[in-house]
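In what follows, every chain begins at residue 1, and chains take the letters A, B, ... in the order their sequences are listed.
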2 protein chains.
Amino acid sequence: MLHLGMKNLLKSKKLRVTSFRTDVLNVFQSHENAIDMGMVEKELGEHDRITLYRTIKKFIDVGILHEILINGESKKYALCSHSCESEAHHHDHIHFLCTDCNETYCLEPQQMPVINHPSFQIDSFEVQAKGICDNCKS
Amino acid sequence: MLHLGMKNLLKSKKLRVTSFRTDVLNVFQSHENAIDMGMVEKELGEHDRITLYRTIKKFIDVGILHEILINGESKKYALCSHSCESEAHHHDHIHFLCTDCNETYCLEPQQMPVINHPSFQIDSFEVQAKGICDNCKS
DNA sequence: ATTACATTTGCAACATTGATGCAAATATAT
DNA sequence: ATATATTTGCATCAATGTTGCAAATGTAAT
């Protein structure tokens with residue numbers, strides 16, 4: 001059962017519609033928050049590791065997914081909102097990692113950081129916050 | 001030629017003073033900005049890869065170095081300022097990557113991001129900015 | 001529908017990085 | 001000077017990122 005939206009998403013990015021790619025997109029659509037490669041692999045069932053790696057990479061390149069770094073170690077991925085352009089991922093949201101349940105949420109900041117360095121030209125920010133989420137705050 | 005400050009730094013962190021560790025510290029002290037593992041290896045000359053890996057890791061653990069993530073790929077390291085505690089790296093500064101010269105600067109933000117999510121408990125931020133630095137702004 | 005062509009997949013092979021166990025070497029305190 | 005805990009160097013391994021290439025597949029043109 002193919003979501004029509006996913007086919008159009010792929011076509012709009014000039015990517016061919018394959019079952020592998022729709023399977024991967026299905027996995028991401030079934031998760032509200034960002035997930036890591038292990039989760040994708042588990043839910044995907046049997047598959048080729050290299051193909052998945054290239055699929056994720058391509059999805060990031062064209063702006064279907066974006067990558068989130070958890071500390072220095074692991075990476076997570078999430079579907080880009082429609083505002084995501086192919087060229088640059090200009091996220092005006094920040095990533096919040098709950099140190100209790102390890103879920104990664106995308107939040108909308110009221111204000112991005114302000115830097116007092118007038119001679120530097122600042123093009124983009126990436127912000128990651130850590131703390132305790134709603135559910136885990138007992 | 002051993003810097004007395006480095007010996008004291010190691011002792012204050014309850015680490016033994018070895019030539020390997022002072023060599024590594026020398027490399028970092030000769031750079032104003034953050035450097036990556038390749039740069040450390042190059043300037044260190046012949047050495048054991050695993051020992052360097054463990055040395056860097058220990059330095060991060062005790063708060064001598066801190067780690068900076070460049071995009072999703074590479075890591076850089078820099079000496080912690082004296083305000084860095086062993087337990088937690090509570091940096092109130094952000095990392096700025098010049099996309100032209102690839103230097104990584106530590107900047108002091110006037111204001112950290114503000115999040116409109118009152119039910120989340122936010123403990124820390126990590127911020128990375130990208131743009132063009134002073135030198136490269138032609 | 002069939003064909004032609006470019007894309008995508010799956011496999012082999014390899015590079016890089018992160019990590020652990022252990023014996024030898026070394027720093028520190030007595 | 002010696003005892004002891006730390007550190008180093010080596011072997012080894014796991015996980016991840018990457019490329020080349022032939023076979024398979026999607027897409028567009030006929």
Please report, rounded to the nearest Å, how far the P atom of C/dG10 is from the CD atom of A/Glu41. 13 Å
Using whole Å, what does the distance between atom P of nucleotide D/dT8 and atom CG of B/Leu10 come to? 10 Å
For residues B/Phe96 and B/Val127, determine if any side-chain heavy atom of one lies less than 4.5 Å from a side-chain heavy atom of the other. no
Do B/Tyr77 and B/Thr104 have side chains that get closer than 4.5 Å, going by heavy atoms? no
Nearest whole Å is fine: how far is D/dG17 P from B/Lys75 NZ? 11 Å
Using side-chain heavy atoms (C-beta onward) and a distance below 4.5 Å, is A/Lys57 in contact with A/Asp61? yes
In whole angstrom, what separates A/Ile60's CD1 from D/dT16's P? 15 Å
Testing B/Gln128, B/Lys130, B/His66 one by one against B/His95 for a side-chain hydrogen bond (donor to acceptor under 3.5 Å, both in side chains), which residue passes? B/His66
Please list, in numerical order, the residues of residues 47-57 of chain B that have a heavy atom closer than 4.0 Å to any atom of DNA chain C. B/Arg49, B/Ile50, B/Tyr53, B/Arg54, B/Lys57
4.5 Å side-chain heavy-atom contact, A/Ile50 and A/Arg54: yes
Whole Å only: how far is the NZ atom of B/Lys7 from the P atom of C/dT26? 17 Å
In whole Å, I'd like the distance from the CE atom of B/Met37 to the C1' atom of C/dT16. 12 Å
Can you classify the ring geometry of A/Tyr105 versus B/Phe120 as parallel (below 30°), tilted (30 to 60°) or perpendicular (above 60°)? perpendicular
Return the value, rounded to whole Å, for the distance between atom CG of B/Asp61 and atom P of C/dG18. 14 Å
If you take all heavy atoms of B/Ile35 and B/Val27, which pair is closest and at what distance? CD1-CG1, 3.8 Å
Under 4.0 Å, heavy atoms only, any strand: does A/Lys14 hit a base, just the sugar-phosphate, or nothing? nothing
Crowded around A/Glu41 CD? As in, over 12 foreign heavy atoms under 6.0 Å? yes
Heavy atoms, side chains only, cut-off 4.5 Å: are A/Phe28 and A/Ile64 in contact? no
What are the atom names and distances for every N/O pair under 3.5 Å that joins the protein to nucleotides 26-30 of chain D?
residue, atom, partner, partner atom, Å
D/dG26, N2, A/Arg16, NH1, 3.1
D/dG26, N2, A/Arg16, NH2, 3.4
D/dG26, N3, A/Arg16, NH1, 3.0
D/dT27, OP1, A/Val17, N, 3.0

